[in-house]
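When a ligand or atom number is given, it counts from 1 through the structure's own listing order. Values below: all heavy atoms of this structure, side chains included; hydrogens, waters and symmetry mates excluded. None of the values given here were measured: they were computed from a predicted structure.
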Amino acid sequence: MWGGRFAAGPASIMREINASIPFDKRLWKQDIAGSKAHVAMLAARGIVDGEDAQAITEGLNRIAAEYEADGVPVNLDLEDIHMVTESRLAELIGPAAGRLHTARSRNDQVATDFRLWVRDAIDEVEAGLLALQRALVTRAHDHADAVMPGFTHLQSAQPVTLGHHLMAYYEMVRRDRSRFADARARLNECPLGAAALAGTGFPTDRHMTAAALGFAKPTDNSLDSVSDRDFALDYLMAATQASLHLSRLAEEFVIWASQPFGFVKLPDAYSTGSSIMPQKRNPDAAELVRGHAGRIMGCMNALCVTMKGLPLAYSKDMQDDKPPVFEAHDLLGLSIAAMTGMVETVTFRTDRMRGLAESGFATATDLADWLVREGNIPFREAHHITGRAVAAAEAAGVPLDRLPVGTLKDIDARIDERVYAVLTVDASVASRKSHGGTAPDQVRARIAQAKQELGL
Ligand code: ARG
């Protein structure tokens with residue numbers, strides 16, 4: 001492709017380090033789409049004649065059919081997908097193929113292809129996250145009043161409902177989707193036609209190619225067009241954040257599936273057995289989602305470091321932009337699908353959750369609040385009185401609501417029988433009606449809104 005100036009071919013190690021075709025073959029569809037849009041514009045502007053443009057377009061269609069059927073041939077002599085396709089085009093239609101690269105460079109070509117690819121990737125993630133939200137809302141709806149212990153420091157804190165807990169993840173995923181939507185809107189400007197770095201002297205129409213490829217507009221600075229990869233980093237940062245959320249949910253499933261917790265029975269379809277311990281049911285899928293978050297974050301880090309010291313405009317370092325994005329996207333897709341499958345099919349052991357909520361003194365705050373309300377006692381003092389009640393219950397080995405009223409009165413004379421109405425876990429959750437609180441009425445109202453958001 002640049003043989004005119006060169007007397008010798010590359011060393012074999014140069015061929016190997018230089019080639020991106022082993023991975024950028026994944027851009028083939030976007031590359032063909034970009035080339036078709038480009039040649040249509042060249043013809044419309046009279047830069048290439050109609051006959052050549054038609055031969056080029058037909059050739060590109062044929063190449064697309066070949067790639068679809070047989071995959072993209074990898075031959076390290078042809079560095080990347082752009083060269084593989086152009087050289088195949090030359091085989092198919094002869095010298096007219098050489099007109100396709102008029103008024104463009106591989107620098108704007110690869111920037112365009114990669115933006116198109118990331119845009120498609122975002123659309124895939126969006127569909128996956130939507131399915132996950134649907135699963136969360138559906139299960140939350142079924143368990144809007146199922147009481148479980150809520151934790152802080154992984155210590156029983158106050159009772160909450162399982163529906164409320166699942167809806168917490170709904171909110172996280174909602175924000176993840178909005179991050180991807182932001183990234184999509186920001187990337188949707190077309191670099192094609194920026195050429196190598198400075199624009200072109202040919203009378204091109206960049207608005208035409210931008211529109212043909214579904215971009216909102218052409219980019220406004222040719223140097224920026226070929227030299228930034230912030231759109232890929234936006235994707236990786238959104239992917240990192242989403243993977244952190246998935247990983248936390250995965251971690252909860254790992255904990256909940258452990259024997260001491262026993263909050264869930266993970267489905268066979270997402271568990272593995274042990275080759276030596278017949279009783280084992282291991283939460284491998286959840287553990288791998290947790291593990292993948294680390295790798296996705298690594299991909300983001302890799303591209304940050306690649307980009308941080310590059311002067312404008314294109315440098316070959318930027319060829320390394322693609323593998324981390326491809327890897328992160330594959331890992332994220334698997335993670336979303338696995339978590340969605342688990343959320344859809346996991347068995348929640350709500351009896352066990354309720355039992356633990358009742359045994360952990362989780363209504364202690366309710367007792368303190370009652371003392372404030374009914375006895376007009378300052379909260380700090382109420383906290384102290386309640387602490388003594390918890391100690392008495394612990395010593396007697398009973399939950400708070402089974403302490404005899406005499407014992408409670410001995411601790412503080414202002415306590416009477418009415419207190420039992422707030423000491424059950426159901427009363428506790430029902431009382432937390434503040435906006436966003438765990439009261440089943442609140443949770444159900446949010447679920448109804450969420451269903452509307454999702455079109456359910
Ligand atoms: N294979 C290259 C990449 O992925 C294409 C751009 C090459 N441009 C250049 N000036 N060598 O980045």
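In terms of heavy-atom proximity, V48 sits nearest to A53 at CG1-N, 3.9 Å.
At least one N/O-N/O distance between Y314 and ligand 1 falls below 3.5 Å.
Of all atoms in ligand 1, numbered sequentially from 1 with element shown, those under 4.0 Å from a heavy atom of E79 are 1 (N), 2 (C). The atoms of ligand 1 that sit less than 4.0 Å from any heavy atom of Q319 are 1 (N), 2 (C), 3 (C), 4 (O), 12 (O). Close approach of ligand 1 to K322 is summarised as follows: ligand atoms under 4.0 Å from at least one heavy atom of the residue are 3 (C), 4 (O), 12 (O).
Between F151 and F261, the ring planes are tilted. Angles from 30° to 60° get that label.
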Exercise. Show your working on salt bridge (charged side-chain N to carboxylate O under 4.0 Å, His left out) between D52 and R99 and close with a plain yes or no.
Key: CA-CA 8 Å; D52 284 345; R99 300 196 185 280; 2.9 Å; yes
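Of the protein's heavy atoms, R106 NH2, 3.5 Å lies nearest to atom 11 (N) of ligand 1. Looking at atom 5 (C) of ligand 1, its nearest protein heavy atom turns out to be D80 OD2, 3.3 Å.
One distance of note links CG of N61 with CD1 of I32; it measures 8.0 Å at 0.5 Å rounding. Between the CZ atom of R186 and the CZ atom of R115 there is a distance of 11.0 Å, given to the nearest 0.5 Å.
For Q109, no heavy-atom contact with ligand 1 is shorter than 4.0 Å.
When the options N107, N18, D108 are ranked by their closest heavy atom to atom 10 (N) of ligand 1, first place goes to N107.
Between F253 and Y270, the ring centre distance reaches or exceeds 6.0 Å.
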